[in-house]
Amino acid sequence: DAIIQAVSCAAALEMGDIEAAVTHCEWAVRAEPEAWVGPCLRGEVALAKGEKSVALDAFVAAIERAPNEKWPLERVKELRQ
């Protein structure tokens, strides 16, 4: 279920449907609360909403859960520039 929700979140972001992205993100996090992907999804949603500091905090949280994952590492680097 978490994978389906994560993919649905990404699809909603690509279509510009932030409300749907938020909903799918929340469902993904509820399905797998300890997964590092949840904070990444929250970060992407925050970026889509223009909330850079919220996004940065979310990606940092993902790194704390999975220090070697490329996605959050790259996003943190981009956001800190």
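It should be emphasised that the depicted structure is a prediction, and the values quoted were computed from it without experimental measurement.
Across Leu73 and Pro67, no two heavy atoms sit closer than the pair CD1-O, 3.6 Å. Listed here is the closest heavy atom pair of Ala6 and Ala28: N-CB, 4.0 Å. Between Ala48 and Leu13, the closest heavy-atom pair is CB-CD2, 3.6 Å. Annotation for Lys70 and Glu74: closest pair CE-OE2, 2.6 Å, computed over non-hydrogen atoms. Scanning both residues, Ala12 and Ala21, for their nearest heavy atoms gives CB-N, 3.5 Å. Heavy atoms only, all atoms of each residue included: Ala55 and Gly43 are closest at CB-O, 3.4 Å.
Once rounded to the nearest 0.5 Å, the distance linking CH2 of Trp27 with OG of Ser8 reads 8.5 Å. The line from CD of Glu19 to NZ of Lys49 is 9.5 Å long, rounded to the nearest 0.5 Å. If you take CZ on Arg42 and CG on Asp57, they are separated by 12.0 Å, rounding to the nearest 0.5 Å. Atom CD1 of Ile4 is separated from atom NE2 of His24 by 11.0 Å, given to the nearest 0.5 angstrom. Atom-to-atom distance recorded for Ile18:CD1 and Leu47:CG is 10.5 Å, nearest 0.5 angstrom.
Ion pairing between Glu44 and Arg75 holds under the 4.0 Å rule for side-chain N and carboxylate O.
In the hydrophobic clustering of ILVMFWY residues, with side-chain heavy atoms under 4.5 Å counting as a link, Trp71 and Leu56 come out together. Transitive grouping of hydrophobic side chains (ILVMFWY, heavy atoms separated by less than 4.5 Å) keeps Val22 and Leu41 in distinct clusters. Hydrophobic clustering of Ile, Leu, Val, Met, Phe, Trp and Tyr side chains at less than 4.5 Å, counting indirect connections, keeps Val45 apart from Trp36.
Crowding of Ile3 atom CD1: a count of heavy atoms from other residues, nucleotides or ligands under 6.0 Å not exceeding 12.
The shortest distance between side-chain heavy atoms of Glu32 and Val37 does not fall below 4.5 Å. When side chains are defined from C-beta on, Val76 counts as touching Val60, because their heavy atoms get closer than 4.5 Å.
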Yes or no on side chain to side chain contact (heavy atoms under 4.5 Å, CB included) for Phe59 and Ile63, after CA distance, side-chain angles and deciding distance? CA-CA 6 Å; Phe59 289 116; Ile63 292 170; 5.5 Å; no
